[in-house]
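Everything on this sheet refers to the single structure shown next.
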2 protein chains.
Amino acid sequence: MSSNSPKTPGPGTRTAVWKSITISLIDDIAQGRYSSGDKLPSEAQLAARFGVNRHTVRRALADMAEQGLVHARRGSGVFVAATPTDYPIGKRVRFHQNISRGGQIPAKRILALETRAADKTEAAALQLEAGEMVHVYDGLSLADDQPIALFQSVFPAHLLPNIRTELEDLQSVTAALKACGIADYTRAETRITAKLATATQALHLRISEGAPLLRTTGVNIDPEGRPIEFGRTWFAGDRVTLTLNGEES
Amino acid sequence: MSSNSPKTPGPGTRTAVWKSITISLIDDIAQGRYSSGDKLPSEAQLAARFGVNRHTVRRALADMAEQGLVHARRGSGVFVAATPTDYPIGKRVRFHQNISRGGQIPAKRILALETRAADKTEAAALQLEAGEMVHVYDGLSLADDQPIALFQSVFPAHLLPNIRTELEDLQSVTAALKACGIADYTRAETRITAKLATATQALHLRISEGAPLLRTTGVNIDPEGRPIEFGRTWFAGDRVTLTLNGEES
DNA sequence: CGTTATGATTTGTCTAGTTGTATAGAACAT
DNA sequence: ATGTTCTATACAACTAGACAAATCATAACG
């Protein structure tokens, strides 16, 4: 609306149309009209609602995306972005505990579940012979329905022959290991690196390609010291902060 | 048929999603995850794994079929026809750095040494009043003549009045603190995030702008629990892996 | 044992909707 | 004049859903 005073002491130009659309949409989000994870109306619909061209709406949405408020997915829509979360790492890494401690609702989605021969990296980490079979669990971790991280868990098949069915039912590594007789496990070592998101990683995590990722790799061992899981996780870097407490919990 | 469209992605467009899926699948075949004659997972399963619509997977498979790597049989599946011959192996030397103790790395070059009022973040971390004076040490650490990390250490001036001269002489935070009467200190908490390199950071670290960085922030406390250092470090994600082994408490 | 019917799974094709990119031009302010 | 803002149009890339056609697994039946 240009009912604003035409002459402001500032830059001289009236507030741009796209800027007022940005403000209006941010206000809608703040009012709860669209909440985290929701899909906004399509650009065409928004253009009709504000009585402007689609490109003007796009200018506003681009501004909001730069602020990290929304994220667009081609062919699908524009979605309200998630809020950042802290994620503690240490000797005991338990996804459900970590997320629910912060008051968020954890969930996991299975992306792939297969059994195959271990590659060189996996064999070395799990202390296997080359070519031994492993169960591989690719998945996506969510907090409050927002994607937090991609992960891949590799289990030695000869130690945990039927963990695939357990994982399928329980969707939890801790619970599945328990069902297979591993009551407790600890993380031997964690390695952390920074990577850039590939196109498909970006799609899963609802970020843009080239955004920074936090990649952690680690091996979990049972009380007797045998490696039972080789895990790799890719966290959305601008949505997650890993916290490392000095004291062990 | 849209036969062969040798269209190169324009300067503004990123890599197409289907193309990265192609690369990923070829990679899987090259690594022996799927070998010649095997049946690939169904299009629906692949779509779920890559977080993408089935049509996008089909575009990738069509590309691979055109290259003669796979062939599809309606009602049956997609089968691997041949294995790619040339496969690039990424080789890179990595510098391993343990973060569980103190978070200090051997410092090599001083970039700046100054005394000024603490900003809001620093004051909060060091439990200072707003505007209290701090000593700030900006530096660059190297290994084998390769820049590894940028770091900034902030010390409360009233607790460590003459640490600047010590730092200048010793170039080591641990040694300088010892010279100031702090025999031992521990890290209270470490926070880790992934960021993209700014132009100046890239220049110092000899990487390209937008390369992935590993940012750690932490506070060190003396035996009495008083915060004595607030440190921030930016590691070059391409060259560094942070390790956290379970032995440390 | 062999054949057939049935249903589920998988690839092939089609239509429609949504965001991303490129180009061109009109209105307007400095 | 010149640059910015907004409009207008067209196409590319990806999603979503539906349906057809080929194949496979299995049960039923002779």
Side-chain angles (χ1 to χ4, degrees), chain A residues 1-2 4-22 25 34 38-66 70-81 198-204 206-210, chain B residues 1-22 25 38-66 70-81:
Chain A
M1 295 312 203
S2 53
N4 215 341
S5 62
K7 252 323 200 297
T8 46
T13 51
R14 281 177 246 184
T15 53
V17 178
W18 66 264
K19 192 68 189 169
S20 66
I21 293 177
T22 299
L25 286 176
Y34 311 116
D38 284 0
K39 179 178 174 299
L40 295 183
S42 76
E43 294 177 349
Q45 288 173 2
L46 288 175
R49 167 158 127 203
F50 291 107
V52 297
N53 189 271
R54 188 181 141 223
H55 283 71
T56 310
V57 171
R58 283 181 61 75
R59 180 72 180 86
L61 291 173
D63 188 45
M64 294 169 70
E66 226 169 80
V70 298
H71 179 258
R73 175 163 178 153
R74 178 188 301 209
S76 186
V78 181
F79 299 85
V80 181
T198 67
T200 51
Q201 289 173 332
L203 284 172
H204 272 130
R206 295 201 183 290
I207 56 181
S208 41
E209 182 185 359
Chain B
M1 275 320 198
S2 59
S3 70
N4 188 10
S5 59
K7 165 188 267 287
T8 47
T13 50
R14 304 195 170 273
T15 54
V17 176
W18 66 264
K19 190 68 190 170
S20 67
I21 292 177
T22 300
L25 286 176
D38 282 2
K39 178 177 169 305
L40 291 185
S42 75
E43 295 176 348
Q45 286 175 5
L46 288 176
R49 169 186 305 178
F50 290 109
V52 112
N53 191 271
R54 194 183 134 222
H55 287 86
T56 311
V57 170
R58 284 181 61 75
R59 179 72 180 84
L61 291 174
D63 189 46
M64 294 171 70
E66 229 171 72
V70 299
H71 63 87
R73 285 215 331 258
R74 171 189 275 197
S76 180
V78 181
F79 298 85
V80 180

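None of the values given here were measured: they were computed from a predicted structure. Order of the sequence lines fixes the chain letters, A, B, ..., with proteins taken first and strands second; residue numbering starts at 1 for each chain.
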**Prompt:** Looking only at side chains, do B:Thr15 and A:Glu209 share a donor and an acceptor under 3.5 Å apart?
**Reply:**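 There is such a pair (donor and acceptor under 3.5 Å, judged by atom type) between the side chains of B:Thr15 and A:Glu209.
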
**Prompt:** Is A:Arg59 touching bases, backbone alone, or none of the nucleic acid, heavy atoms closer than 4.0 Å?
**Reply:** nothing

**Message:** What contact category does B:Arg58 fall into here, base, sugar-phosphate, or nothing, at under 4.0 angstrom with non-hydrogen atoms?
**Reply:** base

Given [options], the nucleotide with the shortest approach to the side chain of [X]:
X       : options               : result
B:Arg54 : D:dC14, D:dT7, C:dG12 : C:dG12
A:Glu43 : C:dG12, D:dA8, C:dT19 : C:dT19
B:Ser42 : D:dA8, C:dT11, D:dC14 : C:dT11
B:Ala16 : D:dC14, D:dT7, C:dG20 : D:dC14
B:Arg74 : C:dG20, D:dC6, C:dG12 : C:dG12
B:Arg73 : D:dC14, D:dT9, D:dT23 : D:dT23

**Prompt:** For D:dA13, does OP1 or OP2 lie under 4.0 Å from any side-chain N or O of B:Trp18?
**Reply:** no

**Asked** Does B:Ser76 make a side-chain N or O approach to OP1 or OP2 of C:dT11 shorter than 4.0 Å?
**Response** no

Roughly how many Å is it from [atom1] in [X] to [atom2] in [N], rounded to a whole number?
X        : N      : atom1 : atom2 : answer
A:Asn53  : C:dT19 : CG    : P     : 14 Å
A:His71  : C:dT18 : NE2   : P     : 18 Å
A:Leu203 : C:dT19 : CG    : P     : 15 Å
A:Lys39  : C:dT19 : NZ    : C1'   : 10 Å
B:Lys19  : D:dC14 : NZ    : C1'   : 17 Å
B:His55  : D:dC14 : NE2   : C1'   : 10 Å
A:Glu209 : D:dA13 : CD    : P     : 15 Å

**Prompt:** Would A:Arg206 count as a cation-pi partner of A:Phe79, with NZ or CZ less than 6.0 Å from the six-membered ring centre and within 45° of the ring normal?
**Reply:**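 Cation-pi check for A:Arg206 and A:Phe79: passes.
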
**Item:** Any donor-acceptor pair under 3.5 Å from A:His71 side chain to A:Ala81 backbone
**Value:** no

**Message:** Quick check: do A:Lys19 and A:Asp63 have side-chain heavy atoms less than 4.5 Å from each other?
**Reply:** yes

**Message:** Are the side chains of B:Ile21 and B:Thr56 in contact, using a 4.5 Å heavy-atom criterion?
**Reply:** yes

**Message:** Which is more 5' along DNA chain C, the nucleotide nearest B:Pro41 or the one nearest A:Ala72? Just name the residue.
**Reply:**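 Comparing both residues, the 5'-ward one is B:Pro41.
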
